[in-house]
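So that the names make sense, note that chain A is the first sequence line, chain B the second, and so on, each numbered from 1.
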Amino acid sequence: MRPIALQISALSKLAVLDLYRRKDLAVVFVLGGVILAPLLFFTPFGVSTASRYTNELALLLVWLFSAVIGLGVSARLFPPEFESRTIYPLLSKPVSRGTVLAGKYLGALAASLSALAVFYAAYGLLAGVRQGVWFPLIFWQALFLHAAFMVVVTALSLLGSLTLTASANLTMCGLLTVGMLVFGQRLPELATAQPVPGKWVLYAIHWIAPHLEFFDLRQRLVHEWPPIGWGVCVAVWLYALCYAAACLALASVVLRRKKF
Amino acid sequence: MSRDCSRWMFLSFAAAVVLLGRAIPAAFDDGMPQVRGEDVLAQVLGETRLAVSQALLAKADEYFHGGVRHKDCDHGLTECGYDEHDHDHEHDANEHDAHHKFDPWCIINRRVHVQEHRHMKGAEAKELLPWLWAANRMSADNLQSIQASVYVLNSMLGNPAAARDMLQQGIAKNPCSADLEFVLGELYLRSFKDGAKAETAFRAALEKNILQNDEDARLLRLRTLFYLGYLSKLKGDIAGLRQHLLEAEELSPQHICTRDLRNLLQQSEGP
């Protein structure tokens, strides 16, 4: 048991180091600063105390950048190993394919969650300085559910990296993420309004596709709505864990059958 | 030698390009294929500015409802009736619940995303200003956005001077708008208590309104006539009040504004 844990830990560290070596985080941080800085000095009609619009934009950037980092990190774990054939020495250590998959996934997840923690710390400081409210309960719930989003997205992207080419995987996962965040909540409504073949397709998407909008608490955080019940948070986390487990099980099957 | 020649040719061609670039627009000012816009936004976005401005106003309306887009609420910023109210939208939520009773995804969504209906009140309305400012900046033709800004600045934030400045800028950019003149008249009358300026604005609204002939214009004319009649009564000008009543009766004898004018005249003339 202990050697497997050590192997997983070593594989995970590599993914985390890869994120910080590539300086992706620094780039998105500078980009976010360039977008937000002018808005902080904006005084519409001579009033400078409005803050929700900057909070909303900052959170939008947090979501965008975290999705880019989560998808990017997990999508580029396997393809370079296959291309440069370094997967052979890795599997001949000996490390089982399941262990490689688990290690890579946990590494991608740890890297994405560390980036997410940095983003939320920056957001919490920005909102605290502008509004004088420091890290309210809804902030922690938003972070908690956003972490569940990363659990699902990294698992999806990892599965995609084993079945599709790198660019196709990023495009598909990006479209799925944006599509579900925008339309996920309205899928039953849209399905009801469609004629029969389209209706069943939309219902199928509604039941099968990952409901990433469950993890989005931006509306409550920005507009100071009360927190949601912890029971709902746990239910959403269970959904995320089940979905990620299903993706990883599929990825494991694909990796086992894969001929290098 | 050939390198020097190339350098001089390059420099002379570059100079010719710069000169032509300056000379052609000066020589053919009216004959240029593209018309010079009033600013960068106008040049880049053209006619789509109004659509973008309306989207920004819809965003302000969403903020007014606490970040929730309510299609069924006709009391928002994008509608004319801004009255505060305690109405109930729960019936829709219940209908929706019944429809998707056994759908766990819908149940989770309704717990995570806000379903309640609320309106912004008081100083909180400052959060609307960035969106309204952007909507006005994007297109000066969006009268609804100007009126919403005036409402927020004057009624919600208690800053009638900023509302007046906003309206005067709007009127300068929309000189044919009777609606804006009418709102300016109301602002002078209610917030500044300045009857003379209010009357000037209402008369301007009436003059500009003659150019239009639809149902909205007719209603606006009736409301303007009511205010003019009311101002006449304040001045003790009974003949003026009677004149406005006659005009209102011609437009719609049973309308509430006409009835109110009739009441004003009866009060002025005594029992």
query = Considering only heavy atoms, which portion of A/Phe42 lies under 4.5 Å from any heavy atom of chain B: side chain, backbone, both, or neither?
reply = side chain
query = How about B/Arg111 and A/Ile228: do any of their side-chain heavy atoms sit closer than 4.5 Å?
reply = no
message = For B/Asp103 and A/His206, which I'm curious about, is there any donor-acceptor pair between the side chains at under 3.5 Å?
response = yes
task = State whether A/Trp225 and B/Arg118 meet the cation-pi test: NZ (Lys) or CZ (Arg) under 6.0 Å from the six-membered ring centroid, and within 45° of the perpendicular axis.
result = yes
note = Given B/Arg137, B/Met166, B/Glu62, B/Glu124, the one with more heavy-atom pairs under 4.5 angstrom with chain A than any other is B/Glu124
task = Identify which part of B/Leu153 has an atom lying under 4.5 Å from any heavy atom of chain A, answering side chain, backbone, both or neither.
result = side chain
Residue part contacting chain B, namely of A/Gln141, when any heavy atom lies under 4.5 Å = neither
remark   = Nearest heavy-atom contact between A/Arg220 and B/Val112 is NE-O, 2.7 Å
ask   = Looking at CZ of A/Arg52 and CE of B/Met120, how far apart are the two atoms once the value is rounded to the nearest 0.5 Å?
value = 4.5 Å
request  = Test B/Lys59 against A/Tyr53 for side chain to side chain contact (heavy atoms under 4.5 Å, CB included), laying out the working first.
outcome  = CA-CA 10 Å; B/Lys59 187 72 188 170; A/Tyr53 73 104; over 6 Å; no
key: From CH2 (B/Trp105) to CD (A/Gln185), nearest 0.5 Å   = 15.0 Å
key: More than 12 heavy atoms from other groups under 6.0 Å of CZ on A/Phe183   = no
Residue part contacting chain A, namely of B/Asn159, when any heavy atom lies under 4.5 Å = neither
query = B/Val114, B/Asp165, B/Asn136: which one forms the most heavy-atom pairs within less than 4.5 Å of chain A?
reply = B/Val114
Please list, one pair per line, the donor and acceptor atoms closer than 3.5 Å that link side chains of residues 229-253 of chain A to other protein atoms, with sequence neighbours excluded.
{"unit_1": "A/Trp237", "atom_1": "NE1", "unit_2": "A/Phe144", "atom_2": "O", "d": "2.9"}
{"unit_1": "A/Tyr239", "atom_1": "OH", "unit_2": "A/His211", "atom_2": "N", "d": "2.8"}
{"unit_1": "A/Tyr243", "atom_1": "OH", "unit_2": "A/Ile208", "atom_2": "O", "d": "2.7"}

Can I get a per-line list of side-chain donor-acceptor pairs under 3.5 Å for residues 60-73 of chain A, giving both atom names and the distance, sequence neighbours left out?
{"unit_1": "A/Ser66", "atom_1": "OG", "unit_2": "A/Val62", "atom_2": "O", "d": "2.9"}
{"unit_1": "A/Ser66", "atom_1": "OG", "unit_2": "A/Trp63", "atom_2": "O", "d": "3.0"}
{"unit_1": "A/Ser66", "atom_1": "OG", "unit_2": "A/His146", "atom_2": "NE2", "d": "2.9"}

Distance (rounded to the nearest 0.5 Å) between A/Arg186 CZ and B/Asn109 CG = 12.5 Å
ask   = Looking at the rings of B/His113 and A/Phe214, which for Trp means the six-membered one, are their centres under 6.0 Å apart?
value = no
ask   = A/Thr43 versus chain B, heavy atoms under 4.5 Å apart: side chain, backbone, both or neither?
value = neither
